[in-house]
Amino acid sequence: ERVVEASKTSLDFAVGQNTEVLASCKETLEASSMPGLFLFDLAGQAVEGYVTLQKSLLDFAVEQRTAAVEAAHEYIHDAGKAKAGIPNLIQQSVDRTVTAQKSVLEFAAKQTKAVSDTVKQQSGVTGTPIETVTDSVQRGVDTLHASQNEILDSANENVKAMIAKA
């Protein structure tokens, strides 16, 4: 767990560094009237979202490890108890994996939405093919997100059904 906490601390440090670098670049380029500076904001948001996702996945790994260690301690002396507890352990593992996968999907959906909204807010985009393409990409990601969630839910239900039969 100390390694995970150290990893989280280094991720927080990376976000801070990234924020400073992006702010410095944006400040330097603002004087030039260069278009597209909104991309620096998007990049900052993307890094922050990525770090949040990474932290969630680190927490997931700790939960998986803790569950496995606890199960090993609990079942080491009682084979009957172990046999009865393994289906529950498998289901918990599947539930955590589904949750982690959904976190990744949610991250991708939020990032796409942020980009889509930011692009559409730029002057001269409304009513153009850029807006149409942006909307189309957003709808495609929304559809992918929904179908992936359905697949994960279905897989989880199948595991539950198989465990119930065992």
Side-chain angles (χ1 to χ4, degrees), residues 1-16 18-19 38-39 41-121 125 129-166:
E1 289 182 25
R2 283 187 247 157
V3 171
V4 168
E5 289 307 314
S7 295
K8 287 181 177 182
T9 300
S10 68
L11 288 168
D12 288 337
F13 179 74
V15 167
N18 184 64
T19 300
F38 69 93
L39 293 173
D41 295 330
L42 285 176
Q45 292 169 8
V47 169
E48 288 174 16
Y50 173 75
V51 165
T52 299
L53 175 63
Q54 284 292 13
K55 287 179 177 182
S56 295
L57 294 175
L58 287 169
D59 289 339
F60 164 72
V62 169
E63 288 174 16
Q64 289 289 82
R65 184 197 60 82
T66 300
V69 168
E70 288 174 358
H73 286 301
E74 186 176 336
Y75 304 140
I76 198 164
H77 299 295
D78 188 346
K81 196 174 184 182
K83 185 177 178 186
I86 287 176
N88 185 42
L89 188 62
I90 291 169
Q91 184 60 55
Q92 288 174 352
S93 179
V94 169
D95 288 344
R96 286 187 196 99
T97 302
V98 167
T99 299
Q101 289 292 329
K102 286 187 174 190
S103 294
V104 172
L105 290 171
E106 190 62 32
F107 170 73
K110 283 181 181 178
Q111 288 302 116
T112 303
K113 179 78 171 131
V115 170
S116 175
D117 290 348
T118 303
V119 168
K120 292 188 330 186
Q121 290 171 1
V125 171
I130 293 172
E131 181 182 37
T132 303
V133 169
T134 302
D135 288 339
S136 179
V137 168
Q138 182 63 53
R139 282 191 306 276
V141 169
D142 289 346
T143 300
L144 177 65
H145 183 247
S147 65
Q148 288 294 312
N149 274 319
E150 286 177 23
I151 289 168
L152 288 169
D153 290 340
S154 176
N156 198 11
E157 291 303 316
N158 287 338
V159 169
K160 285 179 183 176
M162 287 181 354
I163 288 173
K165 288 180 184 178

N18 side chain vs A14 backbone, donor-acceptor pair below 3.5 Å = no

Nearest-0.5 Å distance, NE2 of residue H145 to OG1 of residue T143 | 11.5 Å

Considering only distance and modelled atom types, tabulate donor-acceptor pairs under 3.5 Å from the side chains of residues 155-164, sequence neighbours left out.
from : atom 1 : to   : atom 2 : distance (Å)
N156 : OD1    : Q91  : NE2    : 2.8
N156 : ND2    : D95  : OD1    : 3.1
N158 : ND2    : S154 : O      : 3.4

Contacts table for residues 46-57: side-chain donor-acceptor under 3.5 angstrom, sequence neighbours left out:
from : atom 1 : to  : atom 2 : distance (Å)
Y50  : OH     : Q54 : NE2    : 2.5
T52  : OG1    : E48 : O      : 3.0
K55  : NZ     : D12 : OD1    : 2.3
K55  : NZ     : D12 : OD2    : 3.2
S56  : OG     : T52 : O      : 3.2

Gap between atom CG of D117 and atom OG1 of T112 - 0.5 Å precision = 10.5 Å

Checking S7 side chain against V3 main chain: does a donor-acceptor pair fall under 3.5 Å?
-> yes

Distance col, row K110:NZ vs L105:CG, nearest 0.5 angstrom, shows 12.5 Å

Kindly compute the distance separating CD (Q92) from OG1 (T97), expressed to the nearest 0.5 Å.
-> 11.5 Å

List, one per line, each side-chain donor-acceptor pair under 3.5 Å for residues 63-70, sequence neighbours excluded.
from : atom 1 : to  : atom 2 : distance (Å)
Q64  : OE1    : R96 : NH1    : 3.0
Q64  : NE2    : S93 : OG     : 2.9
R65  : NH2    : E1  : OE2    : 3.4
T66  : OG1    : V62 : O      : 2.8

Do the side chains of E5 and K8 get nearer than 4.5 Å, heavy atoms only?
-> yes

What do you reckon, is CZ of F13 surrounded by more than 12 foreign heavy atoms closer than 6.0 Å?
-> no

Grab the two heavy atoms, one from V141 and one from A109, that are nearest each other, plus how far apart they are.
-> CG1-CA, 4.2 Å

Separation between NZ of K102 and CD of E106, rounded to the nearest 0.5 Å | 10.0 Å

For V125 and V119, which heavy atoms make the closest approach, and how far apart are they?
-> CG2-O, 3.4 Å

Report yes if the side chains of V15 and L11 come closer than 4.5 Å at any heavy-atom pair, otherwise no.
-> no

For the atom pair CZ (F38) and CD (Q45), what is the distance rounded to the nearest 0.5 Å?
-> 11.5 Å

side-chain hydrogen bond (donor to acceptor under 3.5 Å, both in side chains) between Q138 and D142, worked out | CA-CA 6 Å; Q138 182 63 53; D142 289 346; 2.8 Å; yes

